[in-house]
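Notes follow the structure.
Everything numeric in this text was worked out from a predicted model, so none of it was measured.
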Amino acid sequence: MVQGQVEAYRVDFMAYPTIEDLVAQDYLKENETTCPNKEEIMITNEGEVRLANASSGSDGG
């Protein structure tokens, strides 16, 4: 769901948002900023939604 909201924001504002941008512009509610298991998410500079604690390096697989 969050990835879809990132794309909607990008279409509207011609830029990738932060999680805070999505909440401030009402694309997400405050309680929609984590995974269902409460893991934090982030948005990369390229607009990809990822787990905040996931490794950013290549895992070779």
Side-chain angles (χ1 to χ4, degrees):
M1 182 199 66
V2 176
Q3 188 67 60
Q5 295 304 84
V6 167
E7 294 304 321
Y9 182 101
R10 186 185 63 80
V11 167
D12 291 343
F13 293 96
M14 305 298 279
Y16 288 116
T18 64
I19 293 292
E20 294 79 14
D21 292 335
L22 292 177
V23 172
Q25 297 293 327
D26 295 324
Y27 286 81
L28 291 178
K29 295 177 184 169
E30 215 34 75
N31 66 341
E32 297 175 327
T33 61
T34 60
C35 290
N37 65 0
K38 303 299 181 205
E39 286 190 73
E40 293 290 323
I41 57 174
M42 61 171 280
I43 301 170
T44 67
N45 291 338
E46 294 81 30
E48 184 178 349
V49 177
R50 293 188 174 193
L51 292 175
N53 63 355
S55 70
S56 58
S58 174
D59 65 0

### Query
Would Tyr16 and Asp21 satisfy side-chain contact (heavy atoms from CB on, under 4.5 Å), going step by step from the backbone distance to the final call?
CA-CA 9 Å; Tyr16 288 116; Asp21 292 335; over 6 Å; no

### Query
Yes or no on side-chain contact (heavy atoms from CB on, under 4.5 Å) for Ile19 and Ile43, after CA distance, side-chain angles and deciding distance?
CA-CA 7 Å; Ile19 293 292; Ile43 301 170; 3.8 Å; yes

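- Side-chain contact between Met42 and Val49: absent, with no pair of heavy atoms (C-beta onward) separated by less than 4.5 Å.
- Residue Met14 qualifies as open at atom CE: its count of foreign heavy atoms under 6.0 Å is 12 or below.
- Ionic pairing of Lys29 and Glu32 is not present here: no N-O contact between side-chain nitrogen and carboxylate oxygen is shorter than 4.0 angstrom.
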### Task
Quick one: do Glu48 and Val6 satisfy side-chain contact (heavy atoms from CB on, under 4.5 Å)? Show the steps, please.
CA-CA 8 Å; Glu48 184 178 349; Val6 167; over 6 Å; no

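- Under the 4.5 Å side-chain heavy-atom criterion for ILVMFWY residues, no single connected hydrophobic cluster contains both Val11 and Tyr27.
- Of the possible donor and acceptor atoms, none in the side chain of Gln25 sits under 3.5 Å from a partner among the backbone N and O of Pro17.
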### Task
Step by step, work out the side-chain contact (heavy atoms from CB on, under 4.5 Å) result for Asn53 and Glu39.
CA-CA 8 Å; Asn53 63 355; Glu39 286 190 73; 3.7 Å; yes

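- Considering only heavy atoms from C-beta on, Val2 comes within 4.5 Å of Leu28 through its side chain.
- Distance CD/Gln5 to CD/Gln3: 10.5 Å, rounded to 0.5 Å.
- In this structure, Leu51 and Glu40 have side chains that are not in contact, with every pair of non-hydrogen atoms separated by 4.5 Å or more.
- Atom-to-atom distance recorded for Glu20:CD and Thr33:OG1 is 8.5 Å, nearest 0.5 angstrom.
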